[in-house]
Number of protein chains: 2
Amino acid sequence: MTERFGPDLLRGSLDLLVLSLLSSSPGYGYDLQQRLREASGELVQIQAGTLYPLLHRMEADGFVRCRWEQSTGRRRKWYELTAAGKRRLVSQTREWDRYVACIRAVLDPVRTALEG
Amino acid sequence: MTERFGPDLLRGSLDLLVLSLLSSSPGYGYDLQQRLREASGELVQIQAGTLYPLLHRMEADGFVRCRWEQSTGRRRKWYELTAAGKRRLVSQTREWDRYVACIRAVLDPVRTALEG
DNA sequence: CCCCCATATGTTGCCATGCGATATATCGGA
DNA sequence: TCCGATATATCGCATGGCAACATATGGGGG
């Protein structure tokens, strides 16, 4: 099994990943944790101590809205994207793409020197 | 002019970028700052308060070696990659590629839903 | 029936690091 | 002479991922 990615890498896109998961369908913390783990091929395992504060921040920023679900067995806090959250997802995705392209532009000359 | 990238994004690849620049040719702090600015199309402007500690860290880790150059006018501290630094560059590049591919894998389903 | 594990959410303190501000010094040109 | 670019360095702040810990409950096996 390949190693997990370090905090410094994750820092750049954890918000975006969660936004993206919520865009597929609403979810609660523990659920998002599993979905991310699965979707990333076990490579991104967001910790509880990271995820819950992150969700709280997003709620404070108005990107998600949440509601408690008590009826069906377990007590769960369901999150869904707001309109602002959807806009955020789009802009964050663009930003990420721009960033990746930019890094590639810096690395590529060296890369060809190394491999070519 | 497009906006600069935030600290959280930079965190994932600043080391790699500097390693990459030094792999092309040795350089001193201020020089690397300019080279990175240029190579990134003005998008990555590493601050002095970021760059110098970063270089010191890399030296402590044995990835670069440095020597003062006083003779030609200005006092400059030239850095070059060590063998460990070159190995580091290769492994960090691979790690970055793996990461980008992983994020893409998570984002792509949503992306097609948004745009397609 | 009880115990343990998975589920579920939360907080606390630690640590790494990018950044703005500040300090210091020198060179060259207006 | 003075100012801006060059050049290196450090300090304190804010951010956020993480391990550890706290708490609670549901369900299955012994």
Counting distance only, does the side-chain N/O of [X] pair as donor-acceptor with the main-chain N or O of [Y] below 3.5 Å?
X	Y	value
T82(A)	G62(A)	yes
S23(A)	L19(A)	no
T93(B)	L89(B)	yes
Q47(A)	Q45(A)	yes
S40(B)	L43(B)	yes

Handout entry: H56(A) side-chain N/O to dT9(C) phosphate OP1/OP2 under 4.0 Å
Key =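 For dT9(C), neither OP1 nor OP2 has a side-chain N or O of H56(A) closer than 4.0 Å.
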Practice task
Within residues 96-104 of chain A, find the residues that approach DNA chain C with a heavy atom at under 4.0 Å, and present them sorted by residue number.
Solution key: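 Heavy-atom contacts with DNA chain C come from no residue of residues 96-104 of chain A; none.
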Practice task
Give me the residues of residues 21-37 of chain A where at least one heavy atom lies under 4.0 Å from an atom of DNA chain C, by number, or none.
Solution key: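 Y28(A), G29(A), Y30(A) - these, ordered by number, are the residues of the stretch whose heavy atoms sit under 4.0 Å from the strand.
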Exercise for the section: Check the surroundings of atom CD in Q34(B): do more than 12 heavy atoms from other residues, nucleotides or ligands lie under 6.0 Å from it? Expected result: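 Enclosed.
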Practice task
Could you tell me whether E80(A) atom CD has more than 12 heavy atoms of other residues or ligands within 6.0 Å of it?
Solution key: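 Yes, because the 6.0 Å sphere around CD of E80(A) holds more than 12 heavy atoms from other groups.
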Exercise for the section: Have a look at W78(A) and say if it touches a base, only the backbone sugar-phosphate, or nothing, with a 4.0 Å heavy-atom cut-off. Expected result: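 No contact.
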Practice task
Before accepting this row, confirm whether a basic side-chain N of the pair E59(B)/R65(B) lies closer than 4.0 Å to the acidic partner's carboxylate O.
Solution key: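 So E59(B) does not pair with R65(B) through a salt bridge.
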Problem - Ion pair check, R98(A) and E95(A), cut-off under 4.0 Å - result: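 So R98(A) pairs with E95(A) through a salt bridge.
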Exercise for the section: Using a 4.0 Å cut-off on protein heavy atoms (strictly under), produce a 5'-to-3' string for nucleotides 14-27 of chain C with B for base contact, S for backbone-only sugar-phosphate contact, and - for none. Expected result: --BBSBB-----BB
Practice task
Specify the separation, in whole Å, of atom CG of L9(B) and atom C1' of dT15(D).
Solution key: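 Distance, rounded to whole Å: 14 Å.
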Problem - From L9(B) atom CG to R4(B) atom CZ, the distance as rounded to the nearest 0.5 Å - result: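 Here the rounded value is 12.5 Å.
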